[in-house]
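Keep in mind the model is a prediction, meaning the values are calculated, not measured. First the proteins, then the strands, lettered A, B, ... as listed; each starts at 1.
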Amino acid sequence: MRIERARGTRDFLPAEMLKRRIMEAKMRDIAEKWGYEEIRTPTFELAELFTLKSGEEILKNMYEFKDKGGRHLALRPELTAPVIRMYVNELKMAPKPVKVYYFGNCFRYEEPQRARYREFWQFGAEIIGSDSPEAQAEIIALAFYCLKSLGIKAELYVGHVGLIREVLQAANMEEAEINKVMNLIDKGEREAVVEFMGGIGTERELIDDLISLVDLKGKDALNEARALKIIASNNDALKELEMLLKIIDYYDIVYTLNLGIARGLDYYTGMVFEIYKADGKLGAQNQVCGGGSYRLAALFGGADTPSTGFAFGIDRLAEIFPLETDDLKRKEVVVVPIKEKNRNPDVIKEAIKIASELREFFPTHMDVMSRSLSAQLSYANAINASFAVFVGKKEVKEGKVTLRNLDTGVQEKMSVEECVERIRNQV
RNA sequence: GCCGGGGUGUGGUAGAGGUAUCCCUUGGGACUGUGGAUCCCAAGACCUGGGUUCAAAUCCCAGCCCCGGCCCCA
């Protein structure tokens, strides 16, 4: 009986892993150069960590279970909450800002489709201890430069949920109601917003102002927001956003302002941003990155700590990552012991010694199937190796090897040292 | 959760009621150290379960899975 993969999960074959390692290395390099340090949190957590503040949509899709001790656990549906939990548990005395990055798999029970899986991978970074415009801009810039190093072009949208939340709070709405409205705004359901707010007795004028606020997009959005009477011109969120945009410009980053971005995670409090790949290559799942400022630490038993961060969907990036096939081709060497009929142990001994020397520099294979010379060459050809190194009776006697370039078919007898040099020069 | 389109060896395919085709692949053998070839042998498939039929890969139903879309997210 054949066992299938669980729905929504994937096996990564060598070629895919190689590609992902290359991508990971590029992103890790950027994060390190910006002074961030890598961390890793557990694959599962107490379910409570996520039920506290993650938002309705996430909870609906969570893999929850009880362990044998009766603990209520969940596979992590996202990584921000675990990272902040780690900060509160282990890092709260570290000098601020704490700057960390991470790669990790997440789990959500959703219908699999293009670029959406039940187990998916995120790369994220957080600045813990600040949600200043400088921190917000740095996080956006970091995300931007990661994409740049991957050679991926995508569109950046920046918004600010603080602006909208303040309007709603001023209207004396309760937190649950506010979250509900934010959720509807995020979905773009304007009528539902009007209906819901009307239903709880909000004034018509305020509702209209809110709708026009979230519909603001582009360069003049800020001035227009100011013109709307519901936002005071000395409004903190507005001033913060203005400063942020100024700094983003200093980073030379192209963006579009969109006050309608509300984000599905309830914990965002200030700036929010999303990055889309809008050329259709990702189908309906074109968001590759999301992030913003939030306050979660207090919720997990720490001091109230402003934080800012983002997360990339690595699987989506992997689908659009432009990779030359040359990048994927490793230069490999196959050591071919020519054992003849009697499995000459001298030849095997010498071949092992030579393979060990080559392994200092190159991925090196050696026959483990007792194959004939032609069968070994055939294998070398099948795995697309670049060189074969023959070790036979004659070579052993002369203390040399025969190096064969498998692309050109040219071969020559030489010392092991020279052989290493030759291969290095052609790699 | 909802809506489309699909499932034949590892992959690609033919078969549209009657012994499942071909290519690639994989393993073995022949071949005295270049045969990365050639020849021979072998392995390996009708998604699962029901139903119709003398007979089902083929027709019907359900499920599972895959691909895509809605919603939401990364």
Side-chain angles (χ1 to χ4, degrees), chain A residues 1-11 13 54-62 76-80 103-124 143 154 183-184 186-189 261-265 273-277 280 282-291 309-320 334 336-342 344 347 369-397 402-413:
Chain A
M1 155 124 184
R2 173 171 157 153
I3 310 289
E4 301 296 336
R5 241 185 300 122
R7 184 165 163 78
T9 62
R10 289 154 298 156
D11 296 314
L13 273 40
S54 286
E56 202 186 329
E57 282 294 335
I58 293 269
L59 300 184
K60 232 166 48 187
N61 299 330
M62 207 156 68
R76 56 189 179 197
E78 52 107 13
L79 285 162
T80 304
F103 294 87
N105 49 349
C106 299
F107 306 83
R108 292 182 199 170
Y109 191 87
E110 297 184 279
E111 283 314 300
Q113 55 188 272
R114 177 164 203 177
R116 166 184 290 174
Y117 308 97
R118 289 183 176 170
E119 182 189 24
F120 59 98
W121 295 77
Q122 288 192 342
F123 160 67
N183 198 257
L184 292 175
D186 191 49
K187 286 186 188 176
E189 294 179 13
I261 299 175
R263 311 281 303 143
L265 300 166
F273 73 100
E274 298 179 337
I275 300 177
Y276 292 94
K277 181 70 179 172
L282 287 175
Q285 276 59 241
N286 56 6
Q287 189 184 334
V288 296
C289 181
F310 69 75
F312 275 105
I314 296 178
D315 309 285
R316 291 177 185 177
L317 293 179
E319 290 213 22
I320 55 178
V334 176
V336 180
I338 303 165
K339 286 167 278 194
E340 299 182 352
K341 280 169 270 183
N342 54 353
N344 186 343
V347 167
M369 312 251 314
S370 305
R371 278 169 164 151
S372 68
L373 170 57
S374 73
Q376 291 190 57
L377 270 175
S378 186
Y379 174 72
N381 190 47
I383 64 169
N384 228 330
S386 302
F387 297 94
V389 175
F390 298 109
V391 182
K393 205 164 55 184
K394 296 172 197 162
E395 283 83 1
V396 172
K397 195 183 270 177
T402 299
L403 174 66
R404 182 181 178 89
N405 182 321
L406 292 171
D407 296 325
T408 62
V410 176
Q411 68 180 50
E412 199 180 330
K413 218 178 267 180

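With hydrogens and angles ignored, the 3.5 Å screen pairs no side-chain donor or acceptor of A:Glu412 with any backbone N or O of A:Thr402. Judged purely by atom type and a 3.5 angstrom limit, A:Arg316 has no side-chain atom pairing as donor or acceptor with the backbone of A:Asn286. A donor-acceptor distance shorter than 3.5 angstrom exists from the side chain of A:Glu78 to the backbone of A:Thr80, with no hydrogens or angles considered.
The same atom, P, is picked in B:rG51 and in B:rU58; the two are 14 Å apart, to the nearest Å. Taking atom P in both B:rG9 and B:rA14, the straight-line distance is 13 Å, to the nearest Å. B:rA45 and B:rG5 have their P atoms separated by 31 Å, given to the nearest Å. Between the C1' atoms of B:rC22 and B:rC60, the separation comes to 31 Å (whole Å). Distance noted for atom C1' between B:rG33 and B:rC66: 49 Å (whole Å). Nucleotides B:rU32 and B:rG36 have their P atoms positioned 14 Å apart, rounded to a whole Å. The gap from the C1' atom of B:rA43 to that of B:rG1 amounts to 44 Å, rounded to the nearest Å. Nucleotides B:rG11 and B:rG28 are separated by 22 Å at their C1' atoms, to the nearest Å.
As judged by a 4.0 angstrom heavy-atom cut-off over every strand, A:Tyr379 is placed among residues making no nucleic acid contact. Looking at heavy-atom distances under 4.0 Å, A:Tyr117 makes contact with a base. Within 4.0 Å of A:Gly124, counting heavy atoms only, lies no atom of the nucleic acid at all. Heavy atoms of A:Ala115 sit under 4.0 angstrom from at least one base atom. Across all strands, A:Leu406 comes closer than 4.0 Å to base atoms (heavy-atom distances). Nucleic acid contact for A:Gly8: sugar-phosphate only, since backbone atoms but no base atoms lie under 4.0 Å from a heavy atom of the residue. Here A:Gln376 lies out of heavy-atom contact (under 4.0 Å) with every strand.
By the 5.5 angstrom centroid cut-off and the 30-degree plane limit, A:Phe312 is classified as not stacked against the base of B:rA74.
Per the geometry, CZ belonging to A:Arg116 stands 15 Å off P belonging to B:rC2, to the nearest Å. For A:Asn286 and B:rG69, the CG to P distance is 10 Å, given to the nearest whole Å. Rounded to whole Å, the distance from CD on A:Gln113 to C1' on B:rG5 is 14 Å. Atom pair A:Gln411:CD and B:rG33:C1' shows a separation of 10 Å (rounding to whole Å applied). Between the CZ atom of A:Arg118 and the P atom of B:rA74 there is a distance of 18 Å, given to the nearest Å.
For B:rG1, the paired nucleotide is B:rC70, the pair qualifying as Watson-Crick or G-U wobble because both relevant distances are below 3.5 Å. B:rA62 is paired with B:rU48 under the criterion used here, namely a Watson-Crick or G-U wobble arrangement in which both key atom distances are under 3.5 Å. Judged by Watson-Crick or G-U wobble contacts below 3.5 Å, the nucleotide B:rU25 has B:rA43 as its partner. Pairing of B:rG18, defined by two Watson-Crick or G-U wobble distances under 3.5 Å, is identified with B:rC54. B:rU38 is paired with B:rA30 under the criterion used here, namely a Watson-Crick or G-U wobble arrangement in which both key atom distances are under 3.5 Å.
The base of B:rG28 has none of its N or O atoms less than 3.5 Å from a complementary donor or acceptor on the side chain of A:Arg371. Between the side chain of A:Glu110 and the base of B:rA74, at least one donor-acceptor pair of N or O atoms lies under 3.5 Å.
If you find the closest nucleotide of RNA chain B to A:Asn405 and to A:Ala6, the one lying nearer the 5' end belongs to A:Asn405. Two residues, A:Thr408 and A:Arg5, neighbour RNA chain B, and the one matched to the more 5' nucleotide by heavy-atom proximity is A:Thr408.
For the atom pair CD1 (A:Ile314) and SG (A:Cys106), the distance works out to 9.0 Å, reported to the nearest 0.5 Å.
Remark: A:Arg10 is positioned above the aromatic ring of A:Tyr117, its terminal NZ or CZ atom under 6.0 angstrom from the ring centre and at most 45 degrees off the axis.
Distances shown here put every side-chain N or O of A:Gln122 at or beyond 4.0 Å from the OP1 or OP2 atom of B:rA74. A sub-4.0 Å separation between OP1 or OP2 of B:rG68 and a side-chain N or O of A:Arg114 is present. One finds no side-chain N or O of A:Ser372 lying less than 4.0 angstrom from the OP1 or OP2 phosphate oxygen of B:rG35.
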Under the side-chain hydrogen bond (donor to acceptor under 3.5 Å, both in side chains) criterion, do A:Arg76 and A:Asn105 qualify, and how do the steps go? CA-CA 8 Å; A:Arg76 56 189 179 197; A:Asn105 49 349; 2.8 Å; yes
A:Arg116 vs A:Asp315, salt bridge (Lys or Arg N to Asp or Glu O under 4.0 Å): CA-CA, chis, key distance, verdict: CA-CA 8 Å; A:Arg116 166 184 290 174; A:Asp315 309 285; over 6 Å; no
